[in-house]
Enquirer: 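Shown below is the structure under consideration.
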Amino acid sequence: MSTEFASAVGAVRALEGMLLTQQDIVRMTAAENDSELRDILASTGRNTAGSSEEILSALEAESGETWDFLSNYAPHDRELEILLYRNNFHNLKAALKALIMNTEPERLFIKPTSLNLAELPSVVASKQFDMLPDYMTEAAAEAYGILTESLDGQLAEAVLDTAALRAMQEEAERLKSGFMTEYAQLVTVCCDIKTAYRCSIMKKSQSFLETAVCGSPELDRTTLVREAMKGTDSFISWLGDTQWSEAADCLSRSPAAFEKWCDDAVMELAESAKTKAFGIEPLAAYFIAKETEIKNLRILLVCRSCGASPETITERMRRLYV
């Protein structure tokens, strides 16, 4: 058993005790006004000075801080970096979109990322895609060609989204990482179901679906495309007869319910890392837990600003790690 990350796991275990609890969420949801909510947020160690937008921005920065902390223990770890693949591809999409629209991409970038965001716009503009990680080069060139030749943004985005999912699965398999393989396949299932359902609603062509759906050992691409082409009702009915029946039930209720199911399923997988004393799993799980905590706070703050009821907010809260 590898003890390479023993000290990192010890540090992560200590930090887990500082994650939000269900009681914290209940208190925030029930807060009678913004002042009370800020007091509760402050009790969790967060700076609540400034506007709501500034508080949200500070929350977003926590993702980068968490990644920097983990990176100090596992610099350049290929397993852990799989967690950033979708952010990397998002940033590539942002740079391509900005190039086509002749705008600045910085406001569209998200962190954490393993890409050099200062150089990314020039890399894209000069078509030097070989400067990107190997798993991005081919898809970057293809998406660039689509955008510059046909301006088909949806198709270009589909190419990049499936490339991200495929790269996650392939790298996890190559590294023989059981946890990351499960993670990559589960994320792919969630994204594929969402994409297939949306394409069914929009009556997209089969060729578009075949580009937009990645597929995985957990959910066959050909079958998914075939069922989505039959219409939304038929698609949900078919999905309900598979191992993803809970996803089908949530999807039949609302897209928001399905999104919550996806996040909760990933969190359930992350919780399996609690039994691991060594290895990369506890680090990956903590990052997932922290991302979920930030998402819950963002949902809570945005919903409250829109006047949503405590019941609505509670329904949208994601499963917690602790």
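Worth knowing before you read on, the calculation uses all heavy atoms, side chains too, and leaves out hydrogens, waters and symmetry mates. Just so we're clear, the structure is a prediction, and the values are computed from it rather than from any experiment. Position 1 is the first residue of the sequence; numbering continues from there.
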Enquirer: Does L320 share a hydrophobic cluster with I40, counting links as ILVMFWY side-chain heavy atoms below 4.5 Å and allowing steps through other members?
Expert: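 Yes, L320 and I40 fall within the same hydrophobic cluster.
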Enquirer: With sequence neighbours left out, which residue pairs that include part of residues 149-202 fulfil the ring pair (Phe, Tyr, Trp, His ring centres under 6.0 Å) condition?
Expert: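 Not a single pair qualifies under ring pair (Phe, Tyr, Trp, His ring centres under 6.0 Å).
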Enquirer: Nearest 0.5 Å, please: how far is CG in N91 from OG1 in T113?
Expert: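 So the gap between those two atoms works out to 4.5 Å.
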Enquirer: Determine whether F89 and L108 fall in the same hydrophobic cluster, where Ile, Leu, Val, Met, Phe, Trp and Tyr are linked whenever their side-chain heavy atoms lie under 4.5 Å apart.
Expert: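 Per the 4.5 Å side-chain linkage, F89 and L108 are not co-clustered.
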Enquirer: Got more than 12 heavy atoms from elsewhere within 6.0 Å of CZ, R316?
Expert: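 For R316, atom CZ is not crowded (no more than 12 foreign heavy atoms under 6.0 Å).
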Enquirer: Check this for me: E32, atom CD, are more than 12 non-hydrogen atoms of other residues, nucleotides or ligands nearer than 6.0 Å?
Expert: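 Atom CD in E32 is not crowded, with 12 or fewer foreign heavy atoms closer than 6.0 Å.
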Enquirer: Among residues at least two apart in sequence or on other chains, which ones pass salt bridge (charged side-chain N to carboxylate O under 4.0 Å, His left out) with D68?
Expert: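 D68 satisfies salt bridge (charged side-chain N to carboxylate O under 4.0 Å, His left out) with no residue once adjacent residues are dropped.
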Enquirer: I need the L186 CG to L219 CG distance, nearest 0.5 Å.
Expert: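 That separation rounds to 11.0 Å.
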Enquirer: If only atom types and distance count, is the side chain of T223 paired as donor or acceptor with the main-chain N or O of D220 below 3.5 Å?
Expert: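 Judged by distance alone, no pair lies under 3.5 Å.
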Enquirer: Could K93 and D161 be called an ion pair, given the rule that one side-chain N must be under 4.0 Å from one carboxylate O?
Expert: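 A salt bridge is present here (some side-chain N lies under 4.0 Å from a carboxylate O).
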Enquirer: Hydrophobic cluster membership, with links at side-chain heavy-atom distances under 4.5 Å among I/L/V/M/F/W/Y: are V159 and I100 in one?
Expert: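 Cluster IDs for V159 and I100 differ.
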Enquirer: Output yes when R318 and E293 qualify as a salt bridge under the 4.0 Å nitrogen-oxygen rule, no when they do not.
Expert: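 Result for this pair is no, no salt bridge flagged.
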Enquirer: Taking atom CG of L41 and atom CZ of R27, what is their separation to the nearest 0.5 Å?
Expert: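 With rounding to 0.5 Å, CG (L41) is 10.0 Å from CZ (R27).
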Enquirer: Nearest 0.5 Å please: distance from the CG atom of L132 over to the CD atom of E119.
Expert: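 Here the rounded value is 10.5 Å.
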Enquirer: Under the 3.5 angstrom rule, does the side chain of S71 hit a backbone N or O of W67 as a donor-acceptor pair?
Expert: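 Yes; at least one donor-acceptor contact below 3.5 Å.
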Enquirer: Would you mind checking if E60 and R298 are paired as a salt bridge, meaning a charged N to carboxylate O distance below 4.0 Å?
Expert: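 Looking at R298 and E60, the cut-off is met.
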Enquirer: So for atom CG, which belongs to D233, do other residues, nucleotides or ligands contribute more than 12 heavy atoms lying within a distance under 6.0 Å?
Expert: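 Count not over threshold, so no.
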Enquirer: Only counting residues at least two apart or in another chain, list the ones meeting side chain to side chain contact (heavy atoms under 4.5 Å, CB included) with A270.
Expert: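 Side chain to side chain contact (heavy atoms under 4.5 Å, CB included) list for A270, sorted by chain: M267, A285, I288, Y321.
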Enquirer: For the pair E62 and R46, find out whether any cationic side-chain nitrogen is under 4.0 Å from an anionic carboxylate oxygen.
Expert: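 Salt bridge present between E62 and R46.
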Enquirer: Give, for atom OG of S122 and atom CD of Q128, the distance between the pair rounded to the nearest 0.5 Å.
Expert: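 S122 atom OG to Q128 atom CD measures 7.0 Å (nearest 0.5 Å).
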Enquirer: F258 pairs by side chain to side chain contact (heavy atoms under 4.5 Å, CB included) with which of C262, S254, P255?
Expert: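 Among C262, S254, P255, the one meeting side chain to side chain contact (heavy atoms under 4.5 Å, CB included) with F258 is C262.
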Enquirer: Would you say CZ of R304 has more than 12 non-hydrogen atoms from neighbouring residues, nucleotides or ligands within 6.0 angstrom?
Expert: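 For R304, atom CZ is crowded (more than 12 foreign heavy atoms under 6.0 Å).
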Enquirer: Whether R253 and D249 form a salt bridge (side-chain N of Lys/Arg under 4.0 Å from carboxylate O of Asp/Glu) is what I want to check.
Expert: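 Counted as a salt bridge, because a side-chain N and a carboxylate O are separated by less than 4.0 Å.
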Enquirer: Under a 3.5 Å cutoff, is there a donor and acceptor pairing between the side chains of T66 and S63?
Expert: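 No, no side-chain donor-acceptor contact under 3.5 Å.
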Enquirer: Is it true that F208 and I201 fall in one hydrophobic cluster, defined by side-chain heavy atoms closer than 4.5 Å?
Expert: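 Per the 4.5 Å side-chain linkage, F208 and I201 are not co-clustered.
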Enquirer: Are there more than 12 heavy atoms of other residues, nucleotides or ligands under 6.0 Å from atom CZ of R198?
Expert: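 Count not over threshold, so no.
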Enquirer: Are more than 12 heavy atoms from other residues, nucleotides or ligands located less than 6.0 Å from atom CD of E36?
Expert: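 Check passes, neighbour count above 12.
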Enquirer: Would you tabulate the side-chain donor-acceptor contacts of residues 134-147 under 3.5 Å, counting partners in other chains and residues two or more places apart, or write 'none'?
Expert:
unit_1	atom_1	unit_2	atom_2	d
Y135	OH	N88	ND2	2.8
T137	OG1	D134	O	3.1

Enquirer: What residues form a side chain to side chain contact (heavy atoms under 4.5 Å, CB included) with T188, not counting sequence neighbours?
Expert: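 For T188, the residues satisfying side chain to side chain contact (heavy atoms under 4.5 Å, CB included) (neighbours in sequence not counted) are L165, Q169, D192, C214, S216.
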Enquirer: Do K290 and F287 meet the cation-pi criteria used here (NZ or CZ under 6.0 Å from the six-membered ring centre, within 45° of the axis)?
Expert: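 Output no; distance or angle outside limits.
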Enquirer: Output the distance between atom OG1 (T181) and atom CE (M168), rounded to the nearest 0.5 Å.
Expert: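 Going from the OG1 atom of T181 to the CE atom of M168 covers 10.5 Å.
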Enquirer: Test: side-chain hydrogen bond (donor to acceptor under 3.5 Å, both in side chains). Region: residues 101-112. Which pairs qualify, not counting sequence neighbours?
Expert: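 Those involving residues 101-112 do not exist here.
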Enquirer: Would you kindly confirm whether L160 and L151 end up in one hydrophobic cluster when ILVMFWY residues are joined by side chain heavy atoms under 4.5 Å apart?
Expert: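 Yes, L160 connects to L151 through the hydrophobic network.
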